[in-house]
Amino acid sequence: MLRRSSSFLGILGCLGLFLGCGGGGTSSDDIVRVSRQNNSGTYAYFREAVLGKEGQFKLGSIDQSGSKDVVELVSITPQAIGYSGMGYATPEVKMLAVKAEGADAAVAPTSENAAAGAYPLARGLYIYLLGEPEGATKHYLNWIMSPEGQKIVEDIGYVPMPAVEVTDETAPPEATIKVAGSDTMVNAAQAWAEVYMKKYPQVSIQVSGGGSGVGIAKLIDGTVDLANASRDMKEEEREQAISKSAGKEIKEITTALDALAVYVHKENPLNEIDIEDLKQIYGDGGTIQKWSQVKGYPADDATN
Amino acid sequence: MTLQTSQSEIASGGSKSSGGLSQLLNRISDKLEPVIEWTIWFCGWSSIIFVAAIFLFVAIEAGGFFEQVLDEETNKLEYRWKGFEPIKGFTFKEFFTSINWRPDRYDKPEYGILALLVGTGAVTIGSMILAVPLGLGAAVFISEFCTGRVKETLKIVIELLAAIPSIVWGFIGVVVLGPLIVSATHQLSHIIPGFQPAFVGVNVLNASIILALMSVPVIVSVGEDSLKAVPDSYREAALSLGASRWEIVYRVLFPAAKNGLLAAVLLGVGRAIGETMAVLLCTGHAVNIPTKLTDPARTLTATIASELGEAVRGGDHYRILFFIGVVLFAITFVVNLVADLVVKGIKGQDNA
């Protein structure tokens, strides 16, 4: 058995050798781009904020299906660069400060900077619903925007919105509220639901993830009451919603801000990055392939 | 016959009521017989019905023949026939020859699946290079070279291997095999000058190894069955002619069991092409034509899995993903057809 497995590994090694030599190309200076699958809210936001309205991603990036997966892959890949929500940072990765076009200095991705509008990669986290909220749904949404709801947002690592004190003290009626959508928001949505249900046991809130697109599709189909989304509703979706819901109005509530952090491996010597360099790394037609081309990267200190 | 009649005589003589009961049972079974017959007929045909229905469903979704609209009177959602409407900017030439997969591009979506086709092909071929020798070797070992407890243990363990869910395989690929590949190729690059180490653990090699391990149990169990089906007289005849054990396997068993062994390999290929979750995690999911084993890639199945959940239902992106489903259908159909023809060809030679 041992002999067989060792010869198996030997064959593997030979194959790897042949194909490794044939291909050529990668060196330890190459940037490994980590991205998200093409319909995640994070992907859409990053494209708009970094690559511009008409910008496209360079193909060939490693597309992960979850915010956490991006950070995990970056943490085990020394040459990697990735983007993901600020709340997903671990000790194995480093968040780069980002310098906006025309800005004087790079800004670190912190809650304070995002709330002050200084950090260039911050986006809204939305809840969508069809028509005016009523009963328990209205009570729940008001509670989310109250100091108590916004405290949870802050605890999870997002940037809270200015809280609105709830003046109406009446308890919500018995109800079930179904919520689905953005994977970025699912931890916040779950925390809201848990705390709220403990406070008002007559209301049952069912939270599921699936992605911004799934949440909105379910809202349009009428299978959920609220859709979490980390991107704006697309024109196509707005049209569908209106045609299928007998002309109900689409309501958008900004519940929090999420600062998107640019992650690199903890041993990467880089500490800050220009938006323009990010665009050259990720964008279609971008010229940056190697870490040594990035501004501020020490030329002789390449990671091995 | 005589025993039966004597038994029924005893039964009818013993008590009249039990005779009535058996008559009743007989009558019921007479009535039931057509129902049972029909049920069995349905079981036989159901697979064809299901395949046809699934193909129809996938094709209808890809064609976008129906649209969901709100009925003003009943206030319910209804499907209405819309007719075929071509997807904006879609051409077959671009679909099969372009590597640009950007279905989300808002102004001018690009639907090129060449990179995904190559990815599926690379991962499938890579896994078969590993799995076929390993699987057939294991089948020969289990069937010919071991007996008793060792044989039973091996068979059970290999069947257990088949029971591991694909998401677990994917996880093993990312967490265990990925870092292993990175460090192993770095070690090799120190020994061999000019060797390019892998920088990302998730790549074609990773997915090939994981897929190989997933298809080995299929190949082993089908291959072992077909080797077992070769009559012992063949082995005895070969032994009596002075053949060594290796000669028996290579010159007698392989030719005798080739249909079954081919079926085993093709079932393995089927598993590799159709596998989704493990390759989604292990390939790196990058739209990229791999030029070496350590490059990340993306497969057709993984693309459907990761994008369908968020595509706007009935939209262009959604329909393109279903069209990829049609392409996958066609690929497996061709593989099966070729397998059938090859098996028939081998049979024809045998008869001649």
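By convention in this document, chain letters (A, B, ...) are assigned in the order of the sequence lines, proteins followed by strands, and residues within each chain are numbered from 1. FYI, side chains are in, hydrogens and waters are out, and symmetry mates aren't considered; it's all heavy atoms of this structure.
The distance from the OG1 atom of B/Thr303 to the CD atom of A/Gln37 is 11.0 Å, given to the nearest 0.5 Å. One distance of note links CD of A/Glu54 with NZ of B/Lys108; it measures 12.0 Å at 0.5 Å rounding. The line from CG of B/Asn288 to CG of A/Leu59 is 9.0 Å long, rounded to the nearest 0.5 Å. Here the CD1 atom belonging to A/Ile62 is positioned 12.0 Å from the CZ atom belonging to B/Phe199, to the nearest 0.5 angstrom. To the nearest 0.5 Å, atom NE2 of residue B/His285 and atom OG of residue A/Ser35 are 10.5 Å apart.
Smallest separation of non-hydrogen atoms from A/Gly60 and B/Ala286: O-CB, 3.6 Å. Across all non-hydrogen atoms, the minimal contact from B/Asp316 to A/Glu236 is N-OE2, 4.3 Å.
The closest side-chain heavy-atom distance from A/Glu72 to B/Val175 is not below 4.5 Å. At least one side-chain heavy atom of A/Asp284 sits less than 4.5 Å from a side-chain heavy atom of B/Arg102.
When heavy atoms are compared at a cutoff of 4.5 Å, B/Val287 approaches chain A by way of both its backbone and its side chain. Proximity to chain B is limited to the side chain of A/Arg47, based on heavy atoms less than 4.5 angstrom apart. Residue A/Tyr43 touches chain B through its side chain alone, counting heavy-atom pairs closer than 4.5 Å. Using a 4.5 Å cut-off between heavy atoms, A/Gln240 contacts chain B through its side chain alone, with no backbone atom that close.
Interface check for chain B: of the options A/Ala217, A/Ser65, A/Ser61, the most heavy-atom pairs under 4.5 Å are formed by A/Ser61.
In this structure, A/Lys266 places its NZ atom where more than 12 heavy-atom neighbours from other residues, nucleotides or ligands lie under 6.0 Å away. The neighbour count for B/Phe90 CZ, taken as heavy atoms of other residues, nucleotides or ligands under 6.0 Å away, is above 12. More than 12 heavy atoms of other residues, nucleotides or ligands shown are found within 6.0 angstrom of NZ on A/Lys58. Within a 6.0 Å radius of NZ in A/Lys68, no more than 12 heavy atoms belonging to other residues, nucleotides or ligands are found.
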Fill in: Evaluation steps, side-chain contact (heavy atoms from CB on, under 4.5 Å), between A/Leu73 and B/Val200
CA-CA 8 Å; A/Leu73 188 62; B/Val200 206; 4.2 Å; yes
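Partners of A/Glu48 according to the salt bridge (charged side-chain N to carboxylate O under 4.0 Å, His left out) rule, which considers only residues two or more places apart in sequence or in another chain, are A/Lys53.
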